[in-house]
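This report concerns only the one structure given below.
We use all heavy atoms of the structure for the numbers below, so side chains are in, but hydrogens, waters and symmetry mates are not.
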Amino acid sequence: MPRMMDKRKIRNVGMTAHIDAGKTTVTERILYFAGKTHRLGEVHDGEAKMDWMAQERERGITITSAATTAYWKDHRVNIIDTPGHVDFTAEVERSLRVLDGTIALFCAVGGVQPQSETVWRQAEKYRVPRIAFINKMDRVGADFEGVVASIKEELGANAVPVVLPIGAEDTFEGIIDLVDMKAVYFDETDKGVEIREEEIPEKLLEKARAAEEVMIERISEQDDRLMEKFLEGDTPGRDECVAAMRKATIAGDIIPVLCGAAFKNKGVRRLMDAIIDYLPSPLDLPPAIGTLREDNAEIVRKPKDDCPLAALAFKIQADRHMGKLTYIRVYSGVLKSGETVYNSNRDKRQRIGRLFEMHAADREAIDELRAGDVGAVVGLSDTRTGDTICSEKHPVILESIEFPTPVIGMAVTPESRVDRDNLSKALMRLAEEDPTFTVATNQETGDVVISGMGELHLEIIVDRLKREFNVNTAVGTPQVAYRETVVSSIEHDEKLVKQTGGHGQYAHVKIRVSPGEPGSGFQFEDKVIGGRIPREYIPAVERGIIDAMAEGPYAGFPMVDVSVTLFDGSSHDVDSSEMAFRTCASRGFKNACRKAGLELLEPIMSVEVTANEDCTGAITGSLCSKRGRIIDMETRGKTSITRARVPLAEMFGYSSELRNATSGRGEFTMHFERYEAVPFSIAEEIVEARREKKK
């Protein structure tokens with residue numbers, strides 16, 4: 001299939017869902033039916049093509065997003081399979097930033113689970129059109145209508161089924177296509193590969209007609225011409241229905257819902273048709289909007305090959321053979337192998353080495369990437385995630401990608417001298433790959449501290465250090481990423497006066513320090529009037545405060561959610577300098593914080609525990625003993641779902657505890673919710689332990 005094709009026949013889509021909803025299995029089936037692979041790779045066997053990392057195959061989960069390309073009905077479908085585990089949410093974030101549409105998978109038994117909701121909100125943030133696929137209809141407890149209802153209620157989505165299941169659990173044998181009004185059956189003898197279309201059975205006809213009417217009514221609400229037909233009692237044709245559904249899906253007004261059992265190959269081909277029918281091409285979405293570095297002026301880049309180049313680097317991957325692979329989405333223009341491009345974020349010219357179309361870990365060399373294409377580049381050594389690649393003659397900076405802050409840290413120590421020499425290089429490459437993974441050195445102890453989104457995240461990092469970079473390390477116990485903040489407002493007057501024989505140092509600032517709104521970070525406001533502090537020294541005051549916030553005066557943890565107003569001060573014609581004001585502001589801020597009062601903040605996690613109903617008492621008791629607050633409890637059949645908010649510090653080792661309490665049948669998920677104050681008695685213990693460690 002040629003790469004240069006009508007852009008109306010290109011789809012850039014992603015697979016998003018809660019862990020274990022079947023994203024990778026669905027992707028494997030799409031590749032099989034599209035003829036990209038000739039053998040079905042199963043996740044549980046460790047043979048899924050899209051789970052190419054050793055860690056993924058061993059654990060049976062997706063850790064890193066993998067890109068591939070398949071062709072279906074003369075369309076090119078670029079697919080990104082994303083992780084479902086919350087520790088790797090950055091992979092979902094950066095994928096959704098560059099995708100045109102996404103398939104939101106839901107388990108027919110679990111319904112809307114915590115990470116389902118998280119990735120849904122991420123898709124909403126980037127205004128990505130979605131279709132829903134309810135998977136595992138063959139599982140005990142499968143409930144198609146219940147999941148559709150929960151999508152509507154819990155996600156606030158206008159979910160409209162375009163198929164109905166024929167049967168459920170072990171009697172799930174096919175689907176009713178409401179657009180064609182046909183029954184589609186899957187032949188069990190060849191694992192569902194062969195399908196046959198028949199008339200809808202008499203016993204299901206009334207239900208199908210009612211569902212068809214609801215579908216037509218919903219799409220008619222988005223199309224005046226169809227509404228007129230609907231009110232007159234006319235049934236619109238297939239092409240009219242598909243066109244109206246497509247328009248409403250792209251606008252985000254409707255979520256078409258399909259179903260199937262991907263493991264048994266059921267419903268996947270109708271999903272592939274839906275990708276083509278309802279999800280947008282690059283031409284169906286608004287053009288990319290960027291800015292200029294100099295004046296922040298808005299620039300439009302249309303998805304055309306003859307427009308100036310504009311592309312976004314959304315993923316960096318360390319490759320032992322290629323060095324560094326940079327995944328690129330081209331929004332306009334053509335990116336060619338061997339040409340020189342401009343990184344507008346870093347003001348650097350770079351030369352494109354080789355270009356690839358990716359298929360998980362495999363790659364196919366190509367000569368160019370055109371508007372709407374997704375591919376990988378070798379040669380962009382100075383490019384980072386979120387950078388814009390463009391023409392130097394027509395510079396533009398596209399909207400970057402925001403990532404969550406790490407909430408857990410761990411000290412790593414090299415086991416030998418050779419490991420010590422290689423450790424920093426390996427960590428630097430991994431941090432370049434993953435924006436939610438950071439590396440820092442503890443100044444008091446000299447420890448190298450790695451930070452990430454959870455225990456599994458750091459466990460994978462340590463495993464990769466050993467396997468990919470041959471670095472053996474000893475690891476410390478996980479450490480919570482505590483923060484500090486002030487508890488009241490205070491005004492403070494700080495003066496720095498030093499005479500050293502020649503020029504002295506003089507700075508004088510009056511600041512007001514106040515607690516900010518949760519999640520507001522740091523806010524600085526200059527209200528100096530009359531030139532009491534010269535304008536050139538104001539940035540130095542702000543930098544001094546930022547310096548002080550890096551290590552709070554309570555326990556040495558970074559400070560957050562603080563508002564500072566500089567409202568007065570004075571300077572000296574000879575002895576004042578930027579350094580003097582920076583030093584004075586840093587010292588004054590710390591003194592002000594001590595006067596205002598400080599408190600320790602800790603990350604609070606949203607936890608969902610699923611287990612047998614008879615284990616509910618043990619689970620709630622355990623969570624409450626961990627300073628947890630039970631938010632909600634729900635029963636589905638014989639399964640109990642408990643939702644709570646629990647401090648991260650109390651959740652280490654919970655997987656083993658839950659396994660013992662539920663005889664191995666319980667499971668839990670958690671994700672970061674917000675920072676809250678640590679109870680005073682516990683805060684004092686943490687501070688004392690930190691002081692002892694410094695000694």
Side-chain angles (χ1 to χ4, degrees), residues 404-411 438 440 442-445 447 449-455 458 476-490 492 513-523 545-564 586-607 622-631 644-654 657 670-695:
T405 305
V407 296
I408 183 173
M410 179 189 291
T438 61
N442 187 311
Q443 298 301 325
E444 288 92 19
T445 63
D447 290 341
V449 179
I450 59 174
S451 300
M453 300 306 298
E455 286 184 274
L458 296 185
T477 55
Q479 301 295 317
V480 177
Y482 292 104
R483 296 289 184 264
E484 298 178 22
T485 193
V486 293
V487 296
S488 64
S489 297
I490 197 81
H492 180 73
V513 177
S514 307
E517 291 293 320
S520 61
F522 169 60
Q523 294 174 317
I545 294 169
I546 291 171
D547 291 343
M549 288 182 65
E551 192 173 319
Y554 186 17
F557 293 107
M559 296 192 69
V560 294
D561 303 339
V562 178
S563 175
V564 180
S586 179
R587 193 170 71 184
F589 175 74
K590 287 193 174 184
N591 289 333
C593 289
R594 292 186 183 99
K595 288 163 60 178
L598 291 147
E599 66 181 3
L600 204 60
L601 303 176
E602 64 181 344
I604 302 296
M605 312 303 287
S606 180
V607 179
S622 172
L623 293 175
C624 289
S625 72
K626 298 177 182 299
R627 297 191 282 129
R629 300 192 305 276
I630 306 300
I631 304 300
R645 292 206 176 104
V646 190
L648 174 62
E650 305 287 347
M651 290 300 294
F652 296 133
Y654 184 64
E657 185 180 329
M670 68 176 183
H671 65 268
F672 172 71
E673 185 73 24
R674 60 173 176 261
Y675 272 94
E676 287 184 5
V678 180
F680 180 74
S681 59
I682 297 174
E684 285 298 293
E685 291 176 11
I686 295 168
V687 173
E688 186 60 35
R690 192 165 173 85
R691 285 171 183 159
E692 286 295 321
K693 189 174 182 180
K694 286 184 178 181
K695 292 178 183 178

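When side chains are defined from C-beta on, Leu601 counts as touching Val560, because their heavy atoms get closer than 4.5 Å. At a threshold of 4.5 Å between non-hydrogen side-chain atoms, the residues Val449 and Met410 do not count as touching. Residues Ile450 and Thr438 are not in side-chain contact: their nearest non-hydrogen atoms beyond the backbone lie 4.5 Å or more apart. At a threshold of 4.5 Å between non-hydrogen side-chain atoms, the residues Pro603 and Val480 count as touching. No side-chain heavy atom of Val513 sits less than 4.5 Å from a side-chain heavy atom of Ser489. Tyr675 is not listed as a side-chain neighbour of Asp561, based on a closest heavy-atom distance of 4.5 Å or more. Side-chain contact between Val487 and Pro515 is absent, with no heavy atoms from C-beta onward closer than 4.5 Å.
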Under the criterion side chain to side chain contact (heavy atoms under 4.5 Å, CB included), I'd like the reasoning laid out for Val564 against Phe522: C-alpha separation, chi angles, the key distance, then a yes or no.
CA-CA 8 Å; Val564 180; Phe522 169 60; 3.8 Å; yes
For Leu623 and Tyr654: C-alpha separation, side-chain torsions, deciding distance, then whether side chain to side chain contact (heavy atoms under 4.5 Å, CB included) applies.
CA-CA 10 Å; Leu623 293 175; Tyr654 184 64; 3.8 Å; yes
Give the C-alpha distance, both sets of side-chain angles, the deciding distance and a yes or no for side chain to side chain contact (heavy atoms under 4.5 Å, CB included) between Ile408 and Leu458.
CA-CA 9 Å; Ile408 183 173; Leu458 296 185; 4.1 Å; yes
Please determine whether side chain to side chain contact (heavy atoms under 4.5 Å, CB included) holds for the pair Met559 and Leu598, giving the CA-CA distance in whole Å, both sets of side-chain angles, and the decisive distance to 0.1 Å.
CA-CA 10 Å; Met559 296 192 69; Leu598 291 147; 3.7 Å; yes
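Residues Cys593 and Val486 come closest through the heavy atom pair SG-CG1, 3.6 Å. Nearest heavy-atom pair, Glu602 versus Ala649, reported as atom, atom and distance to 0.1 Å: OE1-CB, 4.4 Å. Minimum heavy-atom separation, Gly588 to His492: O-CD2, 3.3 Å. Taking all atoms of both residues into account, the shortest heavy-atom contact from Val646 to Gly628 is CG2-CA, 3.9 Å.
Salt bridge status for Lys590 with Glu551: absent, with no side-chain N to carboxylate O gap under 4.0 Å. Using a cutoff of 4.0 Å between basic side-chain nitrogens and carboxylate oxygens, Arg483 and Glu599 are not scored as salt-bridged. A salt bridge links Arg629 with Glu676; the closest basic N to acidic carboxylate O contact falls under 4.0 Å.
Annotation: the span from Phe652 atom CZ to Glu657 atom CD amounts to 14.0 Å, rounded to 0.5 Å. Atom CZ in Phe557 sits 14.5 Å away from atom OG1 in Thr485 (nearest 0.5 Å). Once rounded to the nearest 0.5 Å, the distance linking OG of Ser586 with CE of Met549 reads 11.5 Å. Rounding to the nearest 0.5 Å gives a distance of 11.5 Å between CZ of Phe672 and OG of Ser606. Of the inter-residue distances, the one linking Glu684 atom CD with Leu600 atom CG reads 9.5 Å to the nearest 0.5 angstrom.
Results of the salt bridge (Lys or Arg N to Asp or Glu O under 4.0 Å) test with Glu650 over Arg627, Arg645, Lys626 single out Arg627 as the only residue that passes.
Ser488 contributes a side-chain N or O that, together with a main-chain N or O of Ala596, makes up a donor-acceptor pair within less than 3.5 Å. Judged purely by atom type and a 3.5 angstrom limit, Glu673 has no side-chain atom pairing as donor or acceptor with the backbone of Ile604.
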